[in-house]
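Positions are given from 1, in the same order as the sequence printed here.
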Amino acid sequence: MSTLLKNGLVYIDGELHKEDLLIAGTKIKAIGFGLEADQPDEIIDLKGKLVAPGLVDIHEHYREPGFTYKETIKTGSAGAARGGFTTVCTMPNVDPVPDDVETFKKQVELNQKSSLVHLYQYAAITKDLTSDEVVDMEGLKEAGAFAFSNDGKGIQQAGTMYDAMKLAAKVGLPICEHVQDDSLYHKGVMNAGKRAEELGLPGILGVSESAQVARDLILAQETGVHYHVCHVSTKESVELVRLAKEYGINVTAEAAPHHLLLNEEDINGNNGYYKMNPPLRSVEDQAALIDGLLDGTIDLIATDHAPHSLEEKAGDMRKAAFGIIGNETAFACLYTKFVKSGAMDLELLLDLMSYQPAKLFGLDAGVLAPGKEADIAVFDLDHAETINEDDYLSKGRNTPFTGEEVYGMTALTFVSGKLVYKNKHLAD
């Protein structure tokens with residue numbers, strides 16, 4: 001089967017070109033003009049739509065096995081495809097936790113059986129995500145782990161983190177850490193600040209994140225591990241990462257769309273849809289994250305897609321679960337907010353969501369070129385679409401972005417040359 005994507009705006013090597021792209025089987029066969037001579041089985045006239053490398057998300061939660069009432073691999077990956085993501089890395093906070101070779105292999109088999117997109121699986125850093133027993137990193141690497149994370153749980157003991165970093169450095173894989181010092185966390189539900197006081201809700205101190213970032217950066221310097229900071233949210237954390245890079249520490253960091261798009265002042269009341277971990281921070285923190293993206297301190301954008309049931313997110317923030325969905329709408333929301341306004345170049349946004357995460361984590365993705373896997377996202381930059389709850393393919397509904405009008409929704413998504421998503425709303 002061959003497909004010609006005609007009259008697109010193709011993103012190649014950091015530049016946008018008005019060209020055609022030919023898919024043959026699972027690969028990109030050619031990019032250029034006159035490709036009709038190959039007599040493709042299908043020709044799709046894109047009428048100027050953006051043709052981009054399939055997006056790469058290194059931070060999602062699919063909840064299977066153990067919590068399939070929240071999400072399954074099938075529904076989570078369908079949501080990813082709708083968002084233009086063709087490569088996704090899934091966190092290990094499922095049940096059972098993939099913290100040994102046998103369990104990890106079973107998780108990978110389940111991923112491959114059920115996913116519409118390419119899935120890479122994190123292994124846990126420690127047994128059960130909460131203990132101080134470091135996993136068999138060498139065995140898990142051989143089983144296919146590309147990185148280690150206890151996402152959702154900060155590693156509390158410095159000695160445990162030091163041991164884990166030494167082992168990860170030895171096997172040549174990253175440690176991706178949810179930075180949270182529980183002794184400073186104080187069981188908060190939103191950022192500690194004026195808005196929390198107004199709502200009468202317990203606050204989460206920013207220092208609960210930045211203090212552990214500081215600790216881990218020193219340990220990373222000592223061990224030489226590739227240390228990746230998940231969902232950075234405070235201005236102090238951004239500055240620590242910036243300083244660490246100047247000192248030559250092997251650190252990378254991600255920002256989540258919700259922390260870039262919202263701050264604590266956007267919280268419209270005691271609403272569980274605004275409860276996430278880390279929380280929406282101050283206006284100053286939000287500005288620091290944006291500056292960090294623009295100057296290269298923050299290396300990539302990752303959604304932290306975290307679906308929950310309606311019951312788990314309903315009502316009082318004290319009782320609601322932490323988490324927000326985002327893989328279906330991340331690109332469009334960010335494009336509308338930052339690129340349409342002129343605050344960020346389209347090329348930078350694409351790199352932060354495709355090339356950069358693939359490069360930094362050694363994934364074969366994020367590039368359009370002949371001979372490469374035909375993992376392609378087509379975005380409609382010219383037509384507005386309202387984010388509608390009825391259109392979500394994820395089981396999750398827990399996002400405050402429902403009802404927003406955005407540009408840049410996905411029109412088509414191809415994974416290994418196969419069309420896995422087509423937008424029913426946008427013009428052909």
**Prompt:** For D364, what residues pass the salt bridge (charged side-chain N to carboxylate O under 4.0 Å, His left out) criterion, not counting sequence neighbours?
**Reply:** K372
**Prompt:** Does the distance from a Lys or Arg side-chain N to an Asp or Glu carboxylate O, for D181 and R215, drop under 4.0 Å?
**Reply:** no
**Request:** Give a yes or no on whether E138 atom CD has more than 12 heavy-atom contacts from other residues, nucleotides or ligands under 6.0 Å away.
**Result:** no
**Item:** Taking every non-hydrogen atom, the tightest pair across V51 and L46
**Value:** CG2-CD1, 3.3 Å
**Prompt:** Would you say N250 and Q221 make side-chain contact, with heavy atoms under 4.5 Å?
**Reply:** no
**Asked** Is a salt bridge present between K106 and E109, judged by a nitrogen-to-oxygen distance below 4.0 Å?
**Response** no
**Asked** Within a radius of less than 6.0 Å around NZ of K235, do more than 12 heavy atoms belonging to other residues, nucleotides or ligands occur?
**Response** yes
**Request:** Determine which pairs satisfy salt bridge (charged side-chain N to carboxylate O under 4.0 Å, His left out) with at least one residue from residues 183-201, sequence neighbours left out, and list them in order.
**Result:** R195-E198
**Salt bridge flag under 4.0 Å for residues D299 and K245** = yes
**Complete:** Smallest heavy-atom separation, P98 atom then P92 atom, equals CD-O, 3.3 Å
**Message:** Taking CD in E102 as the centre, count heavy atoms belonging to other residues, nucleotides or ligands within less than 6.0 Å. Is the count above 12?
**Reply:** no
**Item:** Residues that D391 engages under side chain to side chain donor-acceptor pair (under 3.5 Å), provided they are two or more places apart
**Value:** H425
**Request:** Taking the side chain as every heavy atom from C-beta outward, state whether I175 and I125 have any atom pair closer than 4.5 Å.
**Result:** yes
**Request:** Please list, chain by chain and in numerical order, all residues satisfying ring-ring contact (aromatic ring centres under 6.0 Å, His included) with H231, sequence neighbours excluded.
**Result:** H59, H178
**Request:** Would you check if the distance from the ring center of F67 to the ring center of H61 is below 6.0 Å?
**Result:** no
**Item:** Trace of the side-chain hydrogen bond (donor to acceptor under 3.5 Å, both in side chains) decision for T402 with T399
**Value:** CA-CA 6 Å; T402 301; T399 174; 5.2 Å; no
**Request:** Please identify each residue that fulfils salt bridge (charged side-chain N to carboxylate O under 4.0 Å, His left out) with K337, with sequence neighbours left out.
**Result:** none
**Message:** Run the ring-ring contact (aromatic ring centres under 6.0 Å, His included) test against F379 and tell me which residues pass, sequence neighbours left out.
**Reply:** F331
**Request:** For F401, look at atom CZ and say whether over 12 heavy atoms of other residues, nucleotides or ligands are found less than 6.0 Å away.
**Result:** yes
**Request:** Output yes when a side-chain donor or acceptor of R63 lies under 3.5 Å from a complementary backbone atom of P307, and no otherwise.
**Result:** yes
**Prompt:** Quick one: are the ring centres of Y122 and F146 less than 6.0 Å apart?
**Reply:** yes
**Contact check, side chains of H186 and P202, non-hydrogen atoms, under 4.5 Å** = no
**Prompt:** In this structure, are over 12 heavy atoms from other groups packed under 6.0 Å from K74 atom NZ?
**Reply:** no
